[in-house]
Novice: 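Have a look at this one before I ask anything.
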Protein chains: 2
Amino acid sequence: MSTPADPGARLGTELSDAVVMFHEALGALMGLSAADNKALGVIRREGPMSARELADRTGLTAGAVTGLVDRLEHAGYARRTRHETDRRRLVIEATAPASPQVNEAAGEMAQAMARVTEQFSPDELLVVARWVELTTATMREQAVRTAARTT
Amino acid sequence: MSTPADPGARLGTELSDAVVMFHEALGALMGLSAADNKALGVIRREGPMSARELADRTGLTAGAVTGLVDRLEHAGYARRTRHETDRRRLVIEATAPASPQVNEAAGEMAQAMARVTEQFSPDELLVVARWVELTTATMREQAVRTAARTT
DNA sequence: CTGAATGATTTAGTGAACTAAACCATATCG
DNA sequence: CGATATGGTTTAGTTCACTAAATCATTCAG
């Protein structure tokens, strides 16, 4: 089935779990529910957008998005602005993580990952980078396909 | 700051996002809320446990765990048994994913990852495996440290 | 300029999952 | 054996984010 050197199988379980756990822990530290955290991810990933757009992305109704953005804004992770030309629209954008605690945690994580990187030669890092890239694309595609099945 | 060959930085954002997205999509396909999915993860990861133990792990009260296990059991992802010697206690254990849809999605993911693996030599796979292992350990540790900050 | 359309908010009501506490069943201790 | 502790369930009440629909503001089309 899977050899000890098959990272694909491992990713499926352990790394994936660890990533999810860290993500959840960071979300909790930020004081965000899983749903709010997910929405923030959408804004961060896709850049500033209107409330309607965010509603479509998250599958929420317009009314729910108002509350969602209220919470994100109040917690300091997002900002509401009016659209320059169309003043009915909002521009919802993510702001830098405010809390020092969150910055510290993120910084610590970055350092820890740097220590991992340190242990590989430049050539090896190229290999790993290639794998990470392919895997990311695969996970994304599978996420979309899997989501499509739910309908 | 981070070179194109620094997988650590990439993991922090893109792969991590993709992993979380897939995890969420799979959870949705399984008909589980994020919280229930997380609890199921605990049972899968740590093996059979009593309701009290699960309550401690998830931070829920005893009453809430009853409902939680009800849902998991009803959806076919967990099973309640009585403890052999102490018949007050439950033994809550995860069962194999029942729904054909979930199996299909999991299978498709496994195949997709196999196609990624295919593109690397055995030597390269060893490098990747080493990186995955170190990264997993790091993420786990950081998840725990981050969770501790929340308190 | 008026009327219809669009974007966001507000309001009222609903549902899901939670807590706290009362409640059974079983186990353990004196 | 009786009293007390422990594990899980049940119940009553609360909280919170959601939807649907009414509302306000702005834009666009005729």
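Lettering of chains follows the sequences in order, A, B, ..., and the numbering in each one begins at 1.
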Novice: Summarise how protein sits on nucleotides 2-20 of chain C as a single string, 5' to 3': B when a protein heavy atom is under 4.0 Å from the base, S for sugar-phosphate-only contact, - for no contact.
Specialist: ---BBSSBB------SSB-
Novice: For the CE atom of A:Met21 and the CG atom of A:Leu26, what is their distance to the nearest 0.5 Å?
Specialist: 13.0 Å
Novice: For A:Arg130, is the CZ atom crowded, meaning more than 12 foreign heavy atoms sit under 6.0 Å from it?
Specialist: yes
Novice: Would you say that more than 12 heavy atoms from the other residues, nucleotides or ligands in this model lie under 6.0 Å from the CZ of B:Arg57, or not?
Specialist: no
Novice: May I ask you to say what B:Thr58 touches in the nucleic acid, namely base, sugar-phosphate or nothing, with a heavy-atom cut-off under 4.0 Å?
Specialist: nothing
Novice: Assess whether salt bridge (charged side-chain N to carboxylate O under 4.0 Å, His left out) is satisfied between B:Arg149 and A:Glu108, documenting all intermediate values.
Specialist: CA-CA 12 Å; B:Arg149 286 172 190 260; A:Glu108 204 179 294; 2.5 Å; yes
Novice: Within a strict 4.5 Å, meaning less than it, do heavy atoms of the A:Leu54 and A:Leu90 side chains meet?
Specialist: no
Novice: How about B:Tyr77 and B:Asp36: do any of their side-chain heavy atoms sit closer than 4.5 Å?
Specialist: no
Novice: For DNA chain D, which nucleotides open and close the run of contacts to chain A, 5' to 3', at under 4.0 angstrom from a non-hydrogen atom?
Specialist: D:dA17 to D:dT27
Novice: So, taking the atom named CE in B:Met139 and the one named NE2 in A:His23, what distance separates them when rounded to the nearest 0.5 Å?
Specialist: 9.5 Å
Novice: Any side-chain heavy atom of B:Asp86 sitting closer than 4.5 Å to one from B:Arg89?
Specialist: yes
